[in-house]
> 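One structure, as structure tokens, below. Some questions next.
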Amino acid sequence: MKPPKIVALENLDKEPYASIVCYPRTTPTEIYQRLEEMQQHGVMSIEFVGKTNASNVPVLGKGYVGVVVVANVKGQKVALKMRRIDADRLDFTHEAEMLQKANAIGVGPKFIAVSNNFLLSQLIDGDLLEDWLQTPREKALIRKVLVDILEQCWRLDAAGLDHGELSKAPKHLLMDKMDKPFIVDFETASIVRKVINVTSVCQFLFMGNSRAAKMLDETFGKKNRLSLISGLKKFKKNSNRKNFEDLLDMCLS
């Protein structure tokens, strides 16, 4: 990966950076409004780095709602999510509320601040879980990480907070440099929907055709699909702690 291109706040009105701050297009009025909004958050510069591209410039992530970059705020690196001009929502209020609810039960990157066009949170400096799994690691460490992920999902379920995107877990499970897993991106989370965090992640990790599932098959052995389906159905019917721990044993034995 190329070294980061660090651009000071006062230079973000120049292309191609203006079209990333106001992705996918900008106007003089919009860019100056957003630069002022960033200044209120204490943003001093942005580091353009990552494996994703926006306007041919590297960024941490890009989705239907926003573009994520590294921001320098008073000497601290944070994740800065910038609302797309064409996003289907007017602000980040809902996502901020969901992230704070997740933080209250020890899930997700730490919430820092929010405004109409920006959401600031803890920067998770590391890799996607699937990329992390590609490096040879001790079976005990992998098991510990997977238990942590599923425990986080259990807490989300118990709190009635459904992430909403964990069936697409490759983008939403990150590992930091200390081998700590994080569930990220709560933009579609809900406290109204039926919670399916545990079952979604189990299906992704142990039943799907993802890279992660194939690597975990090699580590823990291929699971009996019918037994796993039965365990998932039992957990769906009664999501108590015993059924959760039975499911853990089934997945990681």
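Values below: every heavy atom of this structure, side chains too, minus hydrogens, waters and symmetry copies.
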> Test of understanding: with side-chain hydrogen bond (donor to acceptor under 3.5 Å, both in side chains), list the residues that count as partners of R211, not counting sequence neighbours.
E130, D131, Q134

> So, R155 side chain and I105 main chain: donor-acceptor pair closer than 3.5 Å or not?
yes

> What pairs with Y17 under ring-ring contact (aromatic ring centres under 6.0 Å, His included), at least two apart in sequence or on another chain?
F48

> Please, which pairs that meet ring pair (Phe, Tyr, Trp, His ring centres under 6.0 Å) have at least one residue in residues 217-253, sequence neighbours excluded?
W154-F244

> Look at atom NZ of K101 and say whether more than 12 heavy atoms of other residues, nucleotides or ligands are closer to it than 6.0 Å.
no

> Please name the residue in the list V147, I149, I124, L174 that meets the side chain to side chain contact (heavy atoms under 4.5 Å, CB included) test with P181.
I149

> Determine whether a donor-acceptor pair (N or O, by modelled atom type, separation under 3.5 Å) exists between the side chain of T219 and the backbone of M215.
yes

> Who passes salt bridge (charged side-chain N to carboxylate O under 4.0 Å, His left out) against E10, sequence neighbours left out?
none

> Salt bridge (charged side-chain N to carboxylate O under 4.0 Å, His left out) with E37: which residues, sequence neighbours excluded?
none

> Can you list every side-chain hydrogen bond (donor to acceptor under 3.5 Å, both in side chains) pair that touches residues 178-193, not counting sequence neighbours?
K81-D185, K81-E187, W132-D179, D148-K180, D162-R193, E165-T188

> With distance as the sole criterion, is a donor-acceptor pair present between the side chains of S19 and E15 under 3.5 Å?
yes

> Around atom CG of N209, are there more than 12 heavy atoms from other residues, nucleotides or ligands closer than 6.0 Å?
no

> S230: which residues meet the side-chain hydrogen bond (donor to acceptor under 3.5 Å, both in side chains) condition with it, sequence neighbours left out?
none

> So which pairs with a foot in residues 158-188 pass ring pair (Phe, Tyr, Trp, His ring centres under 6.0 Å), sequence neighbours left out?
H163-H172, H163-F186

> Closer than 3.5 angstrom, by distance alone: can the side chain of K110 be matched with the main-chain N or O of S121 as a donor-acceptor pair?
no

> Apply side chain to side chain contact (heavy atoms under 4.5 Å, CB included) to D13 and list each qualifying residue two or more places apart in sequence or on a separate chain.
I31, Y32, L35

> Does I191 CD1 have over 12 foreign heavy atoms under 6.0 Å away?
no

> Mind jotting down which residue pairs meet the ring pair (Phe, Tyr, Trp, His ring centres under 6.0 Å) criterion with at least one end in residues 97-116? Sequence neighbours excluded, please.
none

> For K242, what residues pass the salt bridge (charged side-chain N to carboxylate O under 4.0 Å, His left out) criterion, not counting sequence neighbours?
D246

> Can you list everything that forms a salt bridge (charged side-chain N to carboxylate O under 4.0 Å, His left out) with R241? Sequence neighbours excluded, please.
E151, E245

